[in-house]
Structures are given as structure tokens and as C-alpha cells.
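First comes the structure, then the notes that go with it.
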Amino acid sequence: LAGRSNLAGVQHVLLVLSGKGGVGKSTISTQLALALRHSGRKVGILDVDLCGPSIPRMFRVQDSDVHQCDSGWVPVFVDQDKSISLMSIGFLLEKPDDAVVWRGPKKNALIQQFVADVAWGDLDFLIVDTPPGTSDEHLSTVEALRPYKPLGAILVTTPQ
């Protein structure tokens with residue numbers, strides 16, 4: 001399986017979730033990745049928020065392109081030493097602000113493809129930034145990642 005080999009070098013998978021939008025999931029994912037890199041870890045962020053992909057903008061790499069290699073898509077690297085890599089639908093849109101209006105099956109297929117076809121290489125952590133709520137995308141993501149035994153989830157909430 002291509003998916004098995006592409007995630008074989010990933011030590012830990014962490015999901016970042018919330019029950020609603022606008023609580024800071026992408027900010028937490030970004031800050032966590034930067035903190036882990038600062039402690040010498042190699043980190044990837046998989047942005048599965050297909051309708052509001054903000055990870056490329058958080059790292060100011062929204063104009064980057066995704067390339068193909070023999071084992072799938074090459075993630076976008078944030079820095080010279082390739083210690084943070086990103087994959088997001090934001091890199092695949094013609095214009096970064098284009099709206100994505102897809103039904104469940106197409107979204108689920110892209111999530112499956114992101115899990116199976118991104119050539120992450122060796123990572124200490126893969127952080128999965130999810131969309132708001134408890135939608136189909138969450139079920140697809142957890143289902144696709146189940147064989148890789150995610151370490152856990154960070155639930156982002158607000159005080160109200």
C-alpha cells in the first residue's frame with residue numbers, strides 16, 4: 001500500500017479539533033509545529049480543512065506549488081532545513097481564496113488521498129488541522145489514520 005509507505009516514517013500523529021469555527025485550531029497547529037521544530041523535531045501539518053484552508057497563509061507560503069514525485073505529492077517546505085512541511089488544498093487551488101464547494105464523497109476522497117499520497121518522509125510529528133465541527137471530514141480523517149495509531153487529539157475551545 002502506498003499509504004503505508006508514505007506514513008511509515010511518521011512517528012506520531014496528532015489531531016487538532018474543535019466543536020466550532022474561529023477558536024484557533026490553525027493557530028494552535030502552527031504554534032505547536034514551531035515549538036516542536038524549536039525543540040529539534042521534524043514536523044508536518046496536514047490541513048484537512050478543505051473549505052477554509054488557512055495553514056498555507058499562517059506560514060506565508062500560500063503561493064507555493066505542490067509537486068509530484070515517484071511516491072506521490074511532495075509537501076511544501078516552510079524552511080531551508082525542511083524541518084516543517086505542509087500539505088493543504090490551499091496549494092491546489094488556482095487562487096488561494098477560491099471557495100471549495102464539494103459534497104462529502106469528493107471531500108472524503110481527497111482526505112484519503114492526502115493520507116495515502118503525500119510523501120512526508122521521516123517526521124517526528126504529523127499534526128492534522130481539521131475543519132470546525134464534527135463533520136464527515138473528521139470521520140474520514142480518523143478512519144484513514146486509524147492504521148497509523150494517532151497519538152491523540154488536542155481539543156481547542158473558548159471560555160464561553
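- Cluster membership for V76 and L34, using ILVMFWY side-chain heavy atoms within less than 4.5 angstrom, is shared.
- The minimum heavy-atom distance linking R57 with Q62 is given by the pair CA-OE1, 3.8 Å.
- Contacts of D129 classified as side chain to side chain donor-acceptor pair (under 3.5 Å), with partners at least two apart in sequence or in another chain: S26, S29.
- Sorted by first then second residue, the side chain to side chain donor-acceptor pair (under 3.5 Å) pairs that include residues 10-23, not counting sequence neighbours, are S18-K25.
- The CD atom of E137 sits 10.0 Å away from the CG atom of L110 when rounded to the nearest 0.5 Å.
- Although no hydrogens or angles enter the test, the distance criterion places a donor-acceptor pair under 3.5 Å between the side chain of N6 and the main chain of A116.
- Linking ILVMFWY residues whenever their side-chain heavy atoms come closer than 4.5 Å, directly or via other members, places V66 and V115 in the same cluster.
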For this session: Give the C-alpha distance, both sets of side-chain angles, the deciding distance and a yes or no for side-chain contact (heavy atoms from CB on, under 4.5 Å) between I154 and I127.
Result: CA-CA 10 Å; I154 296 170; I127 299 166; over 6 Å; no
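- For the atom pair CD1 (I45) and CG (L14), the distance works out to 11.0 Å, reported to the nearest 0.5 Å.
- The heavy-atom pair separating V13 from V10 by the smallest distance is CG2-CG1, 4.0 Å.
- The shortest non-hydrogen separation linking S54 to D47 is N-OD2, 3.4 Å.
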Exercise. Are V61 and F91 close enough, and set up right, to give a side-chain contact (heavy atoms from CB on, under 4.5 Å), and what steps lead you there?
Worked result: CA-CA 9 Å; V61 292; F91 298 128; 4.0 Å; yes
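- Distance CD/Q68 to CG/D70: 10.0 Å, rounded to 0.5 Å.
- Here the closest heavy-atom approach between residue S71 and residue A119 is recorded as OG-CB, 3.5 Å.
- Atom CD1 of I55 and atom OG1 of T27 lie 8.0 Å apart (nearest 0.5 Å).
- Taking both residues in full, the closest heavy atoms of F114 and W120 are given as O-NE1, 4.4 Å, listed atom of the first, atom of the second, then distance.
- In plain terms, the two heavy atoms of K107 and C51 that are nearest each other are NZ-SG, 3.6 Å.
- Clustering ILVMFWY residues whenever any of their side-chain heavy atoms sit less than 4.5 angstrom apart, transitively, puts V142 in the very cluster that holds V118.
- For the pair P131 and V48, the minimum side-chain heavy-atom distance is below 4.5 Å.
- Atoms CD and CD1, from E143 and I111 in turn, are 12.0 Å apart once rounded to the nearest 0.5 Å.
- Cluster annotation: L86 and V74 are assigned to distinct hydrophobic clusters (Ile/Leu/Val/Met/Phe/Trp/Tyr, side-chain heavy-atom contacts under 4.5 Å, transitive).
- Hydrophobic clustering (ILVMFWY, side-chain heavy atoms < 4.5 Å, transitive): L151 and L46 are in one cluster.
- Between the NZ atom of K42 and the CG atom of L126 there is a distance of 13.0 Å, given to the nearest 0.5 Å.
- Counting heavy atoms from C-beta outward, S83 and L36 have side chains that stay 4.5 Å or more apart.
- Each of D81, D124, D79 was compared with R37 under the salt bridge (Lys or Arg N to Asp or Glu O under 4.0 Å) criterion, and only D79 meets it.
- Using a distance-only test at 3.5 Å, with no hydrogens or angles considered, a donor-acceptor pair links the side chain of T130 to the main chain of V16.
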